[in-house]
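Take a look at the structure below.
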2 protein chains.
Amino acid sequence: MSASPRKVTTVSKSEARARNRRGEGTQLRADIVAAARELIEETGDPGAVTLRAVARRVGIAAPSIYAHFADTEQILRAVIEEVFDEFLEHLASARVGIEDPRTRLMATCEAYLSYGAEHPALYTLMMGPNPSRHHTADAADGQDPDPRLREDGEGVDRLVGAESFALLIDDVTAAAAAGASRTDDPFMTATALWVGLHGLVRLRADAPQFPLPDQALLDRAVLEPIAQLTPPTA
Amino acid sequence: MSASPRKVTTVSKSEARARNRRGEGTQLRADIVAAARELIEETGDPGAVTLRAVARRVGIAAPSIYAHFADTEQILRAVIEEVFDEFLEHLASARVGIEDPRTRLMATCEAYLSYGAEHPALYTLMMGPNPSRHHTADAADGQDPDPRLREDGEGVDRLVGAESFALLIDDVTAAAAAGASRTDDPFMTATALWVGLHGLVRLRADAPQFPLPDQALLDRAVLEPIAQLTPPTA
DNA sequence: ACTCGTAAGTTTACGTCTGTTACGTTACGC
DNA sequence: GCGTAACGTAACAGACGTAAACTTACGAGT
């Protein structure tokens with residue numbers, strides 16, 4: 001139960017770290033990404049992700065990171081990809097199994113907002129200006145809901161959440177088809193909804209001390225008019 | 001036309017700087033703030049504002065800053081205050097002289113968006129999480145449009161743009177009174193509009209590579225439904 | 001069973017940038 | 001002429017990225 005006898009300058013966790021086995025060098029890579037993620041969540045600042053800080057937390061020496069990442073930017077990119085997958089999963093699992101288009105659209109929006117509220121720093125990192133492009137998105141896989149979605153070969157980068165945004169488009173399109181929304185341009189409406197969702201998340205994260213109205217009421221005041229929802233049971 | 005003969009490590013501007021006169025020590029303070037602002041605008045990162053970087057740009061020695069600011073956070077606060085004033089002025093000058101409530105509301109929104117588009121880094125700094133509170137806002141100056149606006153003595157910090165937000169509330173209230181908006185809760189609608197404006201600015205700054213729809217069309221798709229505007233000439 | 005190549009890290013160290021303290025210097029203006 | 005406002009110089013300690021060399025120990029091959 002006693003702390004480690006070693007004296008530590010700042011914060012350090014697991015002092016004891018067993019060296020990985022022969023083929024499991026990749027395990028350290030995952031630990032590095034996890035440590036970087038923790039640093040971002042705790043400090044709220046991606047700038048806190050430094051080679052030495054990550055190394056301290058993982059329990060390794062700083063140069064050991066070079067075996068897996070060329071620099072801190074690569075680490076951040078790995079975190080971003082992980083968060084994007086997690087965010088997409090969060091949205092998808094909230095939507096699955098809901099047939100009613102209106103309820104499903106609202107569920108997607110709620111999931112979007114809840115993720116942003118629970119992981120403000122990760123959301124900011126994910127949606128913020130990316131370090132740069134990386135792998136080209138795997139090309140055409142089928143029908144396209146709107147030609148504007150994939151301008152050119154690499155216009156829609158995965159990093160801006162194209163898959164997640166596709167869920168929104170899907171929901172809005174379904175709502176329009178079912179008469180739950182009066183929109184005549186699902187892509188435009190979905191984009192506008194994205195703006196509203198992004199604004200809600202960012203404003204709550206950016207100005208927490210500002211006396212905003214009740215959360216649910218403000219959400220409705222922003223999202224319902226944008227979605228052009230028809231009266232509930234009309 | 002030739003560059004300065006001195007060799008410089010990074011970027012440095014005015015090498016020559018004349019010492020201020022006797023009573024004009026305050027001039028340096030303004031120069032420091034201006035340099036910090038430039039650094040933020042050029043790099044997009046408030047972290048680039050370091051005592052030494054500011055000193056280099058101003059053309060002074062780093063310790064000379066201590067006479068005017070205790071640390072970098074104080075400098076950032078000064079920049080934030082300057083930007084807030086500028087932002088408020090930008091909105092106010094765009095609104096002034098417009099009598100028609102609908103046109104005036106739209107003008108305010110356009111000014112909001114244009115400032116955000118032209119000064120993305122400063123907007124982010126201004127609207128982002130503030131370093132902390134500072135001077136208490138000067139107390140009650142007259143009627144209050146909504147009791148929620150000033151929760152307690154210091155609830156509405158000036159740093160979150162209360163004055164600018166007041167303009168929005170004013171416009172929405174006037175629009176509602178004139179029948180240009182169908183809202184029955186101007187404060188809620190103004191807040192929702194703020195969310196939409198913030199979302200538009202932030203999304204364009206955060207994901208510039210994403211193929212967003214035409215700017216004017218997206219603006220309308222977001223703002224008009226939130227504002228609950230009545231048909232133009234009905 | 002014993003080697004030994006090599007995966008998986010560590011140690012050490014250099015150079016840069018940072019904040020910050022202590023002290024020295026210039027020159028305006030009464 | 002001289003006090004003091006308005007700076008500059010020198011130097012420290014800490015954090016950072018990164019290169020080079022060293023160490024440990026797993027596990028395949030004989």
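A, B, ... follow the sequence lines: proteins, then strands. Residue 1 opens every chain.
Distance, I32(A) CD1 to dG17(D) P: 13 Å, rounded to whole Å. Protein atom CZ of R52(B) is 15 Å distant from nucleotide atom P of dA13(D), rounded to whole Å. Per the geometry, CG belonging to D45(A) stands 17 Å off P belonging to dA15(D), to the nearest Å. In this structure, L39(A) places its CG atom 15 Å from C1' of dA15(D), rounding to the nearest Å. Taking atom CD1 of residue I65(B) and atom P of nucleotide dT18(C), one finds them 11 Å apart after rounding to whole Å. The separation between H68(A) atom NE2 and dA7(C) atom P is 12 Å, rounded to whole Å. In this structure, the CZ atom of R56(A) is 14 Å from the P atom of dT10(C), given to the nearest Å. One atom, CG of L51(A), and another, P of dA19(D), lie 11 Å apart when rounded to the nearest Å.
Closest approach of G196(A) and V195(B) over heavy atoms only: O-CG1, 3.7 Å.
Residue Y66(A) places at least one side-chain N or O closer than 4.0 Å to OP1 or OP2 of dT18(D).
Of the residues near DNA chain C, A61(A) and A70(B), the one whose nearest nucleotide (by heavy atom distance) lies more toward the 5' end is A61(A). Both R19(B) and V49(B) lie near DNA chain C, and the one whose nearest nucleotide falls closer to the 5' end is V49(B).
When distances run from any side-chain atom of P63(A) to the nucleotides dG19(C), dG8(D), dT11(C), the shortest one goes to dT11(C).
Here the side chains of Y123(A) and H198(A) are in contact, with some heavy-atom distance below 4.5 Å.
Nucleic acid contact for T50(A): sugar-phosphate only, since backbone atoms but no base atoms lie under 4.0 Å from a heavy atom of the residue.
Between the CZ atom of R37(B) and the CD1 atom of I40(B) there is a distance of 9.0 Å, given to the nearest 0.5 Å.
Look at R77(A) and E81(A) and you find no salt bridge, because none of the NZ, NE, NH1 or NH2 atoms lies under 4.0 Å from a carboxylate O.
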